[in-house]
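Numbered from 1 within each chain, the chains take letters A, B, ... in sequence-line order. The shown structure was predicted, so the numbers you read here are calculated from the model rather than taken from an experiment.
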2 protein chains.
Amino acid sequence: MLLYQEIRQYLFALIAEHPELKKLPSERELLEKFNSTRITVREALTRLEAEGIIYRQNRKGWFICPPRLKWDPVKKVNFYQLAQEQHFTPLTQLVSFETTAASEVINDAFELGPPGEFHRISRVRSLDERPVMVEEIYCLASQFDDLQHKPLEGSITTIFEQDYGVNVTHERSSLIVTAIPDDKAELLNVNKGALCLKIIRQRFNQLDKLIDYNLEYWVHSTIEIEVDSK
Amino acid sequence: MLLYQEIRQYLFALIAEHPELKKLPSERELLEKFNSTRITVREALTRLEAEGIIYRQNRKGWFICPPRLKWDPVKKVNFYQLAQEQHFTPLTQLVSFETTAASEVINDAFELGPPGEFHRISRVRSLDERPVMVEEIYCLASQFDDLQHKPLEGSITTIFEQDYGVNVTHERSSLIVTAIPDDKAELLNVNKGALCLKIIRQRFNQLDKLIDYNLEYWVHSTIEIEVDSK
DNA sequence: CAGTGGTCTAGACCACGAT
DNA sequence: TCGTGGTCTAGACCACTGG
């Protein structure tokens, strides 16, 4: 068996046998144990990372992943409720609020002719103090005047409904596996190039008019999608 | 800027500017161009791989990813139809057929008491000659007698319906990002530890009885999930 | 056969974290 | 201050691919 596979096996068993374990031995401890080098040890570690079994924190070490949040994109459940049902402690933090022009892709999604002005809300969501998702929400500045003074760490849907009388009736989500953009990686406290599930959610009103355009980047090991269909 | 980031940028631009390009320069060409080493060049390449922009074929080189297949897990569309609508040439190949006991997880999913006997169908699906997904289908041997003599490279659903009068009425899918198991990596002609979207599909009849249990491993860069919800 | 990526050695210096 | 992972050098041998 390949050396990095042996190291992987060893760590896999270590994790299985010690459910209380939070942190792995350091890379240098491992290379001594296996008479190897950092390259090889890191090969084993990055495989386990790709599998969603461990994750790293910049210069702090390698840690074992807690269970994934299960989420059904078809059902409308808010993040707080979902997290609490699954015994996580949720937290949403506002990163930034701007009112500005948006990229062509987003402008086009709103089917505007000339470039429009948008609110851009950036937030980070955490479970048990671990950042798991960063999102960017775009909506029309003209439609949601004074949005910056609303409680933006709570449910945006609720603000749309209660403060603006705007109801989301249906949405379209697109999911791909990719790498987290560098600027978002920092917010999530993960290394650059880390894997994510990128979700683009477009939410519409009953007239099929786009209400908001939402970019979500989930740390890949923190989420599991569950969908029912008939 | 970090050296591997520069190399990544260079390759990213190279790909953007040459839409007809299929294959990247070799690792050794790149390290000479950047006066660097293979470790660093490979860092850049694996980042692009994680992003789903390039993929490798064992000892053949690094290649540029074609567009992703878009799939809606809620709608029931078969693979052939889906692929053709999106201008791919689909192919399904039977890898193996066995009748055997299954793992505890699968046995439990069928809500059997004592371990049951299962058919286990393994298939590989390709788009334009590139393997994109490997699947294992489990169903009860007692329910689908003589299944091995049916055309197993076509639609299993159709066989269930037409040959056995068994209709699937609803299903439950679970999706996670993980690494492809080594035995499946070989079938997909990707390197060990490559990323995948793992989909577990459980399909039921109108009485909520499980008909089949389906494990799908999609090469992560080949698929995009699209879901509508109301 | 030459060229490719897969695996591996044996180091190095750095920025940042915990203390 | 010391330990951590992040980045990088300069090689090596191997298995497999392609011509």
Name every donor-acceptor pair, under 3.5 Å, that has one atom in a side chain of residues 176-192 of chain A and the other anywhere in the protein, sequence neighbours excluded.
unit_1, atom_1, unit_2, atom_2, d
A:Thr178, OG1, B:Glu51, O, 3.0
A:Asp182, OD2, B:Gln5, NE2, 3.1
A:Lys184, NZ, A:Glu136, OE2, 2.9

(request) Figure out the CZ/P separation between B:Arg42 and C:dC8, and round it to whole Å. (result) 12 Å
(request) Determine which pairs satisfy ring pair (Phe, Tyr, Trp, His ring centres under 6.0 Å) with at least one residue from residues 28-47 of chain A, sequence neighbours left out, and list them in order. (result) A:Tyr10-A:Phe34
(request) Would you mind listing every salt bridge (Lys or Arg N to Asp or Glu O under 4.0 Å) that reaches into residues 95-106 of chain B, with sequence neighbours excluded? (result) B:Glu98-B:Arg120
(message) I need the CG-C1' distance between B:Asn191 and D:dC14, as an integer number of Å.
(response) 17 Å
(request) Quick one: which residue pairs count as a salt bridge (Lys or Arg N to Asp or Glu O under 4.0 Å) with a foot in residues 193-203 of chain B, not counting sequence neighbours? (result) B:Glu171-B:Arg201, B:Arg201-B:Glu216, B:Arg203-B:Asp212
(request) Take the protein atom CZ of B:Phe34 and the nucleotide atom C1' of D:dC8, then report the distance between them rounded to whole Å. (result) 15 Å
(message) With the threshold set at under 4.0 Å for non-hydrogen atoms, list the residues of residues 1-15 of chain A touching DNA chain D in residue-number order.
(response) none
(request) Quickly work out the B:Glu43 CD to C:dT7 C1' distance and round it to whole Å. (result) 16 Å
(request) Would you mind classifying the nucleic acid contact of A:Arg56 as base, sugar-phosphate or nothing, using non-hydrogen atoms under 4.0 angstrom? (result) sugar-phosphate
(message) Show me the pairs that pass salt bridge (Lys or Arg N to Asp or Glu O under 4.0 Å) and involve residues 37-47 of chain A, at least two apart or across chains.
(response) A:Glu27-A:Arg38, A:Glu27-A:Arg42, A:Glu43-A:Arg47
(request) Could you pull out all residues at least two apart from B:Phe110 that satisfy ring-ring contact (aromatic ring centres under 6.0 Å, His included)? (result) B:Phe118
(request) Measure up the A:Tyr138 and A:Tyr213 rings against each other and bin them: parallel (under 30°), tilted (30 to 60°), perpendicular (over 60°). (result) perpendicular
(message) The side chain of A:Thr40 is closest to which nucleotide in this list: D:dG6, C:dG6, C:dC8?
(response) C:dC8
(request) Using a 4.0 Å cut-off on protein heavy atoms (strictly under), produce a 5'-to-3' string for nucleotides 10-19 of chain C with B for base contact, S for backbone-only sugar-phosphate contact, and - for none. (result) B-B--BSSS-
(message) Under the rule for ring-ring contact (aromatic ring centres under 6.0 Å, His included), what residues qualify as partners of A:Tyr80, not counting sequence neighbours?
(response) none
(request) Round to a whole Å and report the spacing from CD of B:Gln57 to C1' of D:dC16. (result) 13 Å
